[in-house]
Enquirer: 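Shown below is the structure under consideration.
Along the sequence shown, the residues carry numbers beginning at 1. Nothing here was measured: the structure is a model prediction, and the numbers come from that model.
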Amino acid sequence: MHAPPTAPRTRALGFAALAVAMLMSVPTAQTAFGEEAKAVPGGGDLGPNVHVFDPSTPDIQGKVDEIFKKQESAQFGLDRHALMFKPGTYDNINAQIGFYTQIAGLGLNPNDTTFNGDVTVDAGWFDGNATQNFWRSAENLTLNPVSGTNRWAVSQAAPFRRMHVKGGLNLAPDGYGWASGGYIADSKIDGTVGPYSQQQWYTRDSSVGGWVNGVWNMTFSGVEGAPANSFPEPPYTTLETTPISREKPFLYLDGDDYKVFVPEKRENARGVSWANGTPAGESIPLDQFYVVKEGADAATINAAVEQGLHLLFTPGVYHIDETININRADTVALGLGLATIIPDNGVTAIKVGDVDGVKLAGLLVDAGPVNSETLIEVGPENASADHSANPTSLQDVFVRIGGAGPGKATTSIVVNSDDVIIDHTWVWRADHGEGWGWETNRADYGVRVNGDDVLATGLFVEHFNKYDVEWYGERGRTIFFQNEKAYDAPNQEAIQNGDTKGYAAYRVDDSVEQHEGWGMGSYCYYNVDPTIIQEHGFKAPVKPGVKFHSLIVVSLGGNGQYEHVINDVGSPTSGTETVPSQVVNFP
């Protein structure tokens, strides 16, 4: 339950606290048992898995093709790569992007780095089915597609950020096979976006030349050129602005020096942040970061944070035996190339203090074989400080339980702090791969929000044994939610929730007075026992301040059924075909 603040909110720092904060802002050696510890150095090279190109680099296409060949079907592999392109123009490039690969420009503006060519994701490796094209990204580039249209056929955990496409964008695989995406932010597509077979998609703070169709749930906030709100036919949910947003931090080159740019928070945003050239925000030199490389341990990572350094995780897999604690305001923890953190002994992977402005971005947390009670915690229990002026944000922070091997976690993400922004997360209990099964990768809860005034933009949470999302905080808002209930439930009894048939995908606690959601879908595919009945996809108290817009539930191929959409409202899905049922507003 969310505990209300016991004292009025305050952002004031006493003199002593301010002095401590100032001392912590610069690297200093720490002491242990009275002895001076060796300081963690800031800066340095970016390691072997960050591949940096400039226009004069020989055989760029060959190098990009070599990495793609390794990563195209390596869904649960261990390699991680970041392809970084210095400002300039690159001709005749077709960068095909596979698993655990990030491609990005190193300019301050996407127009600084231009491809006369494409950045392509397709699904040939999976017989034209794009529903498993996960864990990759394209960021901070301008494309002049060879055919006039760039193909980006992805599903979850594959962001398209700060991109300028001087043409159209096709979100479907060649042959228009299945796809289950996806996410665009801070991007300008001069031509038309064609989702075609995409079941759902969320686009934020962008500009598009047009949008041609939708299957179940197409949601837009702050998008110039977005189609008018028309849910359910066509299934467009459109908000003129995004109430609060702050773009993801990114690595760039200032001359020959690497820096990380941290964009400013925007309110009621519409369109891209970089339209007028240099975006608003702060540049942090690389020497103020601990550049984390494979083999680093949690003790060193924590010492770096305590010393006053930010964190830049280079592409790799990091096994940790203690929690990474981030208790300093404004700390940036940025991962490149889907950097992956695995807690080996049941610890929580990352804990963030109840402080202002922490930025977690570009990280995959993969549950270990020993059960973790939580994987990510933002704020301690009963956190109550006001962070509205400078919220903590999670961006492209993904969680996986199972799939790459056995993993368990009781609750994946717990948000206790107020004012947090959750901007694009996929929290996934595996339904394929290795180490999965109803008890093998047991994970009861996906995301639990206890903090007040939390905003989620692009919330993807799937397959948990009980509730996928639970919300206890006041004035929570979600813009776009995508969910599938657990495929592998063995029978009706296994999902029974007291007198209720099944656990809702998204539950707002009865104590909550104000909550609002837009563009939200839950789908069931109970293929182990297709007779399972799910009472509803959503559950919420019936109060004037609790509102939902554009809700949908879908039974995939008739494998399981929903009786209602939310509470006891909405018609059932029925039969053996893929059947949607929707309710436009609640109550």
Side-chain angles (χ1 to χ4, degrees), residues 1-3 156-157 320 322-326 341-354 360 363-383 392 394 397-403 406-418 420 422 425-431 435-452 454 456 459-473 476 478 481-486 488-489 494-495 497 502-509 511-512 515 522 538-539:
M1 299 289 289
H2 177 75
Q156 291 83 4
I320 60 170
E322 61 181 87
T323 298
I324 296 171
N325 290 296
I326 301 175
I341 298 170
I342 303 175
D344 285 331
N345 56 358
V347 300
T348 298
I350 301 172
K351 289 185 179 181
V352 177
D354 195 25
L360 297 183
L363 295 168
L364 169 61
V365 175
D366 201 352
V370 177
N371 185 73
S372 294
E373 283 299 310
T374 58
L375 291 173
I376 299 173
E377 292 183 21
V378 182
E381 188 175 352
N382 297 321
T392 283
L394 284 67
V397 173
F398 310 126
V399 169
R400 178 172 67 196
I401 300 100
K408 292 186 178 183
T410 304
T411 306
S412 290
I413 299 178
V414 177
V415 177
N416 292 316
S417 288
D418 296 340
V420 172
I422 305 170
T425 186
W426 186 39
V427 183
W428 185 62
R429 175 182 168 267
D431 61 271
W436 69 279
W438 187 247
E439 295 296 342
T440 304
N441 63 331
R442 183 82 193 187
D444 284 350
Y445 309 105
V447 176
R448 179 174 293 147
V449 179
N450 297 318
D452 293 338
V454 173
L459 185 61
F460 299 73
V461 188
E462 297 189 298
H463 306 309
F464 285 83
N465 295 77
K466 293 184 178 180
Y467 292 116
D468 298 276
V469 174
E470 291 185 284
W471 211 294
Y472 294 90
T478 295
F481 171 67
Q482 186 267 334
N483 165 262
E484 288 179 351
K485 295 301 298 174
D488 55 344
I495 68 161
N497 180 16
Y503 291 79
Y506 188 106
R507 182 181 80 88
V508 179
D509 191 69
S511 64
V512 172
H515 189 91
S522 177
F538 301 86
K539 186 177 186 300

Enquirer: Just by modelled atom types, is the Val397 backbone N or O under 3.5 Å from a matching donor or acceptor in the Thr425 side chain?
Expert: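 Judged by distance alone, yes, a pair lies under 3.5 Å.
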Enquirer: Begin with the C-alpha distance, continue with both residues' side-chain angles, and end with the deciding distance and a verdict on side-chain hydrogen bond (donor to acceptor under 3.5 Å, both in side chains) for Thr348 and Thr374.
Expert: CA-CA 5 Å; Thr348 298; Thr374 58; 2.7 Å; yes
Enquirer: Could I get the full list of salt bridge (Lys or Arg N to Asp or Glu O under 4.0 Å) partners for Asp488, not counting sequence neighbours?
Expert: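 Residues passing salt bridge (Lys or Arg N to Asp or Glu O under 4.0 Å) with Asp488: Arg429.
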Enquirer: For Asp452, is there any backbone N or O sitting under 3.5 Å from a side-chain donor or acceptor partner on Asp418?
Expert: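 Checking the backbone N and O of Asp452 against the side chain of Asp418, a donor-acceptor pair under 3.5 Å is found.
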Enquirer: Between the side chain of Asn441 and the main-chain N/O of Ile401, is any donor-acceptor distance below 3.5 Å?
Expert: yes
Enquirer: Report the C-alpha separation of Ile376 and Val365 in whole Å, then their side-chain angles, then the decisive distance to 0.1 Å, and conclude whether the side-chain contact (heavy atoms from CB on, under 4.5 Å) test is met.
Expert: CA-CA 8 Å; Ile376 299 173; Val365 175; 3.9 Å; yes
Enquirer: Would you confirm whether Lys485, through its side chain, and Tyr503, through its main-chain N or O, come within 3.5 Å as a donor-acceptor pair?
Expert: yes
Enquirer: Spell out, as yes or no, whether a donor-acceptor pair under 3.5 Å connects the side chain of Asn465 to the backbone of Ala443.
Expert: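 At least one qualifying donor-acceptor pair exists.
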Enquirer: After noting the C-alpha distance and the side-chain angles of Thr410 and Asp444, does the key distance pass the side-chain hydrogen bond (donor to acceptor under 3.5 Å, both in side chains) rule?
Expert: CA-CA 5 Å; Thr410 304; Asp444 284 350; over 6 Å; no
Enquirer: Run the side-chain contact (heavy atoms from CB on, under 4.5 Å) check on Val469 and Arg448 step by step: do they pass?
Expert: CA-CA 6 Å; Val469 174; Arg448 179 174 293 147; over 6 Å; no
Enquirer: Between Phe464 and Tyr445, does the ring centre distance come in under 6.0 Å?
Expert: no
Enquirer: Is the side chain of Asp366 donor-acceptor paired with the backbone N or O of Ile341 at a distance under 3.5 Å, no angle test?
Expert: no
Enquirer: Can you confirm if the aromatic rings of Tyr506 and His515 lie within a centre distance of less than 6.0 Å?
Expert: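 Close enough - the centres of the two rings lie under 6.0 Å apart.
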Enquirer: What closest approach, in Å, do Ser372 and Val347 show between heavy atoms, and which atom pair accounts for it?
Expert: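 So the two residues come closest at OG-O, 2.8 Å.
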Enquirer: Is there a side-chain contact between Trp426 and Val461 in this structure, where contact means two heavy atoms from C-beta onward sitting under 4.5 Å apart?
Expert: no
Enquirer: When you measure from the side chain of Asn483 to the backbone N and O of Ser522, does any donor-acceptor pair fall under 3.5 Å?
Expert: no
Enquirer: Just wondering, do Ile350 and Thr323 contact through their side chains at under 4.5 Å, heavy atoms?
Expert: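 No, their side chains stay 4.5 Å or more apart.
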